[in-house]
Amino acid sequence: MSKEIFYPNKELLGDAAINSMEQYRELVKKADEDYEGFWSDLAKEKIDWFKPFDRVLNEDDAPFYKWFEGGQLNVAYQCVGRHLKDKKNKAAIIFEGDNGDQRTLTYRELYYEVNRTANLFRNKFDIKKGDRVVLYMPMIPEAAITMLACAKLGAIHSVVFGGFSAEALRDRIIDAEAKLVVTADGAFRKGKPYMLKPVVDKALEEGCDCVKAVCVVERNKEPIHWERGRDYSYLQMIENESVKCEPEMVDSEHPLFLLYTSGSTGKPKGVQHSSAGYILWAQTTMEYVFDLKDNDTYWCTADVGWITGHTYIVYGPLAAGATTVMFEGVPTFPDAGRCWSMVEEYQINQFYTAPTAIRLLHKMGTDEPYKYDLSSLRVLGTVGEPIDPDAWKWYYEAVGSSKCSIVDTYWQTETGGHMISPLPGATPIKPGCATFALPGIKAEIIEEDGTPTPVGEKGFMCITKPWPSMIRNIWNDPERFKKAYFGDCKKDGKPVYFTGDGAMMDEDGYITITGRTDDVINVSGHRMGTAEVEAAINNHENVAAVAVVGKPHDIKGEGIFAYIVLKSVPSSKDDDVADMLETMKEINALIKKEIGAIALCDDMAFVPDLPKTRSGKIMRRILRSLVKGEEITQDISTLEDPSIVKTIEDILKKV
Ligand code: PRX
């Protein structure tokens, strides 16, 4: 972490929602002194309730916390319907396609589209409150429209990222018992069409009897297979639907969506979020962290398939009445100036992306941002992984003209919204550091028993009080929910939420996230469970054992590295290389099939054995150190075969 401190530019951010550390501390104090009062006031101020809540927080069945009981709302109304009063003709979504085509939906137009889609889902596909709808969508406005249409009906959506394979999609459809799948023929990337519908066709080949229909949005108009009686054209049918649709009232705790994420076991977890608590924090953090103002145009480059896309492209910005930009393409096409040209074109005020993208754009075009007028920018955001000082500095100087605040937002799929982040008008920023917990969020670095970790030492990053936008359950698996999040750390004898991350506080109270403490790696800001990748590799007939670890990567932050023990090793030296390369190809093909291209191994090493204890436990810490080229400091004398460490070290030198 850099020692330099960067103060908010008062000219640019002087009237930010929270514009001094005193104001920040006052809010923190208010929440400390009257936790329920703090949240109750916010919920009353921000949410348009159909029926007011009568209890703020119910902890009786902890950790299954309930917020705002008795209250009723509709999240689509909160995001769209209610804005018709004063924002009817304001742009809600500005879409830019891969090839530069543009489409703007005002709040009124978005309202009509959401209503027509909700009517279609209800009338044609019999979607009712509580039904699950899987969305396998590209980055087009219909992704947001269908999410909101589900919310309008009280149906629970589960968006599956378009990079996941048919097998991964199938697992998620089956786990959620989805009744409807919404997809597109495909979309465009780097000037070329790519396909989604064939992946859905393949996913539905087996075990998906729950799915009654597939609704296809035609985007790239490439030929696709239409299964009679199952597949329906969205664009043809939507024409006939009415633009009027009454919102379905739901209770505060009604699930708004499921989003599958990786954990430390092979099976992805269906993270279940609530309606009221989730939308409250999504909307509030737009104001606290992005300092969103009414005339702002805001752009988050994430994909709707991840939590960042849910909270900070769709739900947060729309609930806050913002203009949110959606981009179908990639930041490097047609060149590394694409993002900056879009910032200029749409006069973007807040730009939110991942360190991976920043590193890549920096590498591909150091001077590129200087070619554009980026003076509209006020706040720059990063998310998903630590940002290194080099990338931070370039982002600050070249993109932000040394004026914008950079908000390094720390949060997770499970937290629903930001947990730790600078406030752009208040926080003196130390690059590479997520700084302080947001008001109302009790983020503490502790030991397993709840004692505070000393300053300067690594501890467990826990959120020690429930908060409204927290995960409510793992779909169909309450026991796993308890164990995965409330099984490791306790405070005052009570289980508290553990993020899975390590963190460290400095003498000024600044929090730095030090990375995962479990077997989850962070590839380009996306979580990948090593067990999931290992399970895919284990399907190869010649694999006897495998261990997957993260390996530092210049652009992606972490890449995937696999240590593989083969059952039969080629006998003649000449066959070696060709055979190994072939096996590597086959293994990556398996990963692509089981999970998707996002989980491909960057590198593999074929080793004679893995370092194991006498009881057979694989010593991953040693494997992690070896791949980083670090000196092995841990005691290896307890290994079943200590000499294996040196053998692997020698093999890695040749990889
Ligand atoms: O390890 C932390 C890292 O990303 C994980 C959450 O991943 P996911 O649920 O996919 O959500 C990503 C987008 C919110 C965390 O457990 N992480 C997230 N933000 C940061 C971060 N690590 C360091 N700094 C951050 N700002």
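Computed from heavy atoms alone, side chains included, the values below leave out hydrogens, waters and symmetry copies. Ligands are counted one by one from 1 in listed order, and the atoms in each one are counted from 1 as well.
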*For Glu507, which residues count as a side chain to side chain contact (heavy atoms under 4.5 Å, CB included) partner, sequence neighbours excluded?*
Val455

*Name the residues in contact with ligand 1, where contact means a heavy atom under 4.0 Å away: which are they?*
Ile307, Thr308, Val383, Gly384, Glu385, Pro386, Asp408, Thr409, Tyr410, Trp411, Gln412, Thr413, Asp501, Ile513, Arg516, Asn522, Arg527

*Looking at Asp554 and Arg359, does any basic side-chain N land under 4.0 Å from a carboxylate oxygen?*
no

*asked:* Has Arg472 got a side-chain atom pairing as donor or acceptor with Met470's backbone, closer than 3.5 angstrom?
replied: yes

*Can any side-chain N or O of Ser469 pair as donor or acceptor with the backbone N or O of Thr415 at less than 3.5 Å?*
yes

*Aromatic plane relationship, His418 with Tyr312 - under 30° parallel, 30 to 60° tilted, over 60° perpendicular*: parallel

*Give a yes or no answer on whether the side chain of Gln350 reaches the backbone of Arg378 with a donor-acceptor pair at less than 3.5 Å.*
no

